[in-house]
Protein chains: 2
Amino acid sequence: MTGRSRFVSAADVAERAGVSRSAVSRAYTPGAHVSAETRRRIYAAAEELGYRVNRLARSLHQPRSDLVGVVGANLANPYISAQLAALSAALQRRRLQCLLLNTAGSGPGAQEDLARLLDYRVRTVVLLSGAAPDALIRLCAQNGARMVLINRPAPPEGAAADLILADSAEGGRLAAARLRAAGCRNVAVVISASRTSAKLDRARAFAEDMARHGVPVTRWAKGENSYQTGVEAARALLARPGIDGIFGVTDEIALGVLNTARAEMGRRVPDDLSVIGFDDAPVSAWASHGLTTVAQSLEALTAATLEAIDCAPEAPPLHLRLPVALVERSSVALAAHRHDVIVP
Amino acid sequence: MTGRSRFVSAADVAERAGVSRSAVSRAYTPGAHVSAETRRRIYAAAEELGYRVNRLARSLHQPRSDLVGVVGANLANPYISAQLAALSAALQRRRLQCLLLNTAGSGPGAQEDLARLLDYRVRTVVLLSGAAPDALIRLCAQNGARMVLINRPAPPEGAAADLILADSAEGGRLAAARLRAAGCRNVAVVISASRTSAKLDRARAFAEDMARHGVPVTRWAKGENSYQTGVEAARALLARPGIDGIFGVTDEIALGVLNTARAEMGRRVPDDLSVIGFDDAPVSAWASHGLTTVAQSLEALTAATLEAIDCAPEAPPLHLRLPVALVERSSVALAAHRHDVIVP
DNA sequence: CTGTTAGCGCATTCAC
DNA sequence: GTGAATGCGCTAACAG
């Protein structure tokens, strides 16, 4: 069709419509002036040829692109996938494009893969999983891209990145208080092995709060952030009697615990064991689970992310702390009755 | 830093390293020859400045880009998210970038949003949800991009698109046979309202096979492809006794049915009611569900998609039919005993 | 092996 | 309002 290239270009359209290339360019530039007749002929020619403005070429002129890099690892995780669904839909509404990077597929070269996002001149890099090495944050700054960290640990120091954090400490305390109210006297917290991120904060706040009230806490920290980790934790922790409450730092983990406790370890939940999670993933509300959990609002998270994305490149970093709330369902005992404890 | 632009360019690096721009370009081009010393100085300068090759500009020269457009609507759906996770990881391994489009966020302008993917000169458009209007398929062809349809209806005719289909008919028959083996004599199939896609084929094959064996089938086709649709179907279908087997054309739907049957409608599954799904989403294997289902292999699906992506633009369209297999779990009764039926 | 030149597709001056 | 010329950042074909 075009002769010289696979793609149809503005020159092709110009020739077809009998106008100059500049006219074509103007016809697709919002602020430009073209006569109605010229525009009509250009659009007609474009339609026939299947012409589309090449945004790759266009972006060479613009100070920043419409590309937003989104980085995740556990894309099949119920909460992460809900996050991604909400974020990508919101980006779509703003006419921003989402360049998705799944670091689970990148092996040891993850750092390099992350950097490669910048090759596409993304205006922002949003991190849903993993950590942000300061080298990468510096790279972003040098290339005029903002970096948004969602429930990630704060960067080393001085490194400028937007921070969006659900209130992990408050969430950990809420979970602890709720289990105590249920009369639990010997609890466990299940974390994955990941040493980064908000998950540690949730666990720490939980443990501290329990310690302050004299309740012993067993820590289980192996595996990745997955359902399977919850399964294995439950098998180990419930092998013998004792534990009467478990906090999974993630709904997915907590659901692994919950299901294994019931199906394999012969526990009645919440009668013998109370289980509580963190996230409020859609699946936690299903009748098969009824997981009591600490909710972080997806809407608030998405709105905050968009706010960060809208920031000018040189604007000072944003630090947003999002509130959390306890969602009561049926995986935690209603009140203390098995131990004759007075709820504070 | 650079003076003229936000981004650091090859010219900046060249100046800093005391070489020409071409040398910089060559240092980053796989097949090119640069002396070790020159390369070292260039890399050093690039490191200091935070230089990265601008792939947007680079792609102006290349016949096709490294961008693959991936289109989905229900990104939070358990199976779709698993699909996306597998696909994006695989793309990552191939050094291909994933441009994600969530059509759920685009409202009525979905068609235009889809077309906008081509503005980025994606080499391939992969459709996970929704339909492919022939106008769009034509547009792809005109722009040298292939279109890959996964479990989508075949395009009108002559329109060239790669088709990757799990064997819906076989799956529907497997589900029917399994329910009959369980002794079901009055069954229902739950479809969403979507008139497109493989879901209809699954339901049709199921219904035909049942009809052939004289088993009446109730059709329930409202709502979208979601858990909630399964919930509402179960409420309606199980309001009075009669139905003893339900086929959900999607695991998510089937799980809505399963959970509602148990928790709200007082049915014991599989004793009073057998439930079977389609997909084999990870969550279906959880102990809380134990959903018997028709599995389409994620690995096979991903491999097939990559095969299509690897095709040259002018290669003839691919038509791949992927086998399905029944995965036995605990949501379907073991054998016919309630009705004294001989299993064929 | 290196630097110079041209051109990718586009937006944006500048004349007319 | 329109067309010709320039430059965005890069690669490739050219000469040295």
Side-chain angles (χ1 to χ4, degrees), chain A residues 1-42 45-46 49-67 118-122 142-144, chain B residues 1-42 46 49-67 118-121 142-144:
Chain A
M1 315 206 163
T2 75
R4 56 179 156 198
S5 159
R6 301 210 53 75
F7 300 101
V8 10
S9 77
D12 300 321
V13 177
E15 189 184 3
R16 192 106 168 71
V19 297
S20 73
R21 298 174 202 117
S22 332
V24 177
S25 179
R26 272 191 278 264
Y28 288 96
T29 303
H33 300 282
V34 197
S35 79
E37 169 58 13
T38 309
R39 160 168 277 127
R40 196 193 57 70
R41 282 170 56 196
I42 292 176
L49 264 33
Y51 170 72
R52 295 237 115 214
V53 176
N54 185 339
R55 301 191 71 119
L56 269 32
R58 171 181 274 182
S59 62
L60 289 190
H61 293 272
Q62 289 168 344
R64 44 191 227 167
S65 75
D66 292 332
L67 257 27
L118 292 172
D119 299 357
Y120 291 89
R121 295 299 183 259
V122 294
Q142 284 173 308
N143 283 283
Chain B
M1 314 203 162
T2 73
R4 56 179 156 198
S5 161
R6 299 212 54 74
F7 299 101
V8 10
S9 77
D12 301 321
V13 178
E15 189 185 5
R16 191 107 169 71
V19 297
S20 74
R21 296 171 205 121
S22 341
V24 178
S25 178
R26 273 190 281 263
Y28 288 96
T29 302
H33 301 282
V34 196
S35 78
E37 167 60 12
T38 309
R39 160 168 277 129
R40 196 195 54 70
R41 284 171 52 197
I42 290 176
L49 265 33
Y51 170 72
R52 295 237 115 214
V53 176
N54 184 339
R55 299 189 73 118
L56 269 32
R58 170 182 275 183
S59 61
L60 287 191
H61 292 269
Q62 290 167 343
R64 44 192 225 167
S65 77
D66 293 333
L67 257 26
L118 292 172
D119 299 357
Y120 290 88
R121 295 301 183 257
Q142 284 173 308
N143 283 283

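Sequence lines set the chain letters: A, B, ... in the order given, protein chains first and strands last, and positions in each chain run from 1. Computed from a predicted model, the values in this text were never measured in an experiment.
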Take the protein atom [atom1] of [X] and the nucleotide atom [atom2] of [N], then report the distance between them rounded to whole Å.
X	N	atom1	atom2	answer
B/R26	C/dG3	CZ	P	8 Å
B/R21	C/dC1	CZ	P	23 Å
B/N54	C/dC10	CG	P	16 Å
B/L56	D/dC8	CG	P	16 Å
B/L49	D/dG9	CG	C1'	15 Å
B/L60	D/dC10	CG	P	11 Å
B/D119	C/dG9	CG	P	15 Å
B/E15	D/dG9	CD	P	13 Å

Counting heavy atoms from C-beta on, name the nucleotide in [options] closest to the side chain of [X].
X	options	answer
A/V53	D/dT11, C/dG3, C/dC10	C/dC10
A/V34	C/dA11, D/dT2, C/dG9	D/dT2
B/H61	D/dA12, C/dG9, D/dC10	D/dC10

Counting only side-chain nitrogens and oxygens, does [X] get under 4.0 Å of the OP1 or OP2 atom of [N]?
X	N	answer
B/S22	C/dG3	no
B/T38	C/dT2	yes
B/S9	D/dC8	no
A/S59	D/dC8	no
B/Y51	D/dC10	yes

Discussion item. So B/R16 and B/Y51, do their side chains get closer than 4.5 Å, heavy atoms only?
Written reply: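 Answer no - side chains too far apart.
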Worksheet item: Do A/R55 side-chain atoms and B/Y120 backbone N/O form a donor-acceptor pair below 3.5 Å?
Response: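 No; judged by distance alone, with no hydrogens or angles, the pair does not exist.
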Worksheet item: Between the main-chain N or O of B/R52 and the side-chain N or O of A/D119, is there a donor-acceptor pair closer than 3.5 Å?
Response: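 No; judged by distance alone, with no hydrogens or angles, the pair does not exist.
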Practice prompt. Among A/V53, A/V34, A/V13, find the one that has a side chain to side chain contact (heavy atoms under 4.5 Å, CB included) with A/Y28.
Written response: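 When A/V53, A/V34, A/V13 are each tested with A/Y28, the side chain to side chain contact (heavy atoms under 4.5 Å, CB included) holds only for A/V53.
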Item to complete: Can you see which heavy atom on A/R121 is nearest to which on B/V8, and at what distance?
Response: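 Nearest heavy atoms, A/R121 then B/V8: NH2-O, 3.7 Å.
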Discussion item. Under 4.0 Å, heavy atoms only, any strand: does B/V24 hit a base, just the sugar-phosphate, or nothing?
Written reply: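 Counting heavy atoms under 4.0 Å across all strands, no contact is made by B/V24.
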Practice prompt. Give A/S35 one of three labels, base, sugar-phosphate or nothing, depending on what nucleic acid heavy atoms sit under 4.0 Å from its own.
Written response: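 Since only primed, P, OP1 and OP2 atoms lie under 4.0 Å of A/S35, the category is sugar-phosphate.
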Discussion item. Go nucleotide by nucleotide along DNA chain C from the 5' end; which of A/R52 and B/G18 gets its closest nucleotide reached first?
Written reply: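 Residue closer to the 5' terminus by nearest nucleotide: B/G18.
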Worksheet item: Looking at C/dC1, does its base get a donor-acceptor pair with the side chain of B/H33 below 3.5 Å?
Response: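 No such pair is found, so the answer is no.
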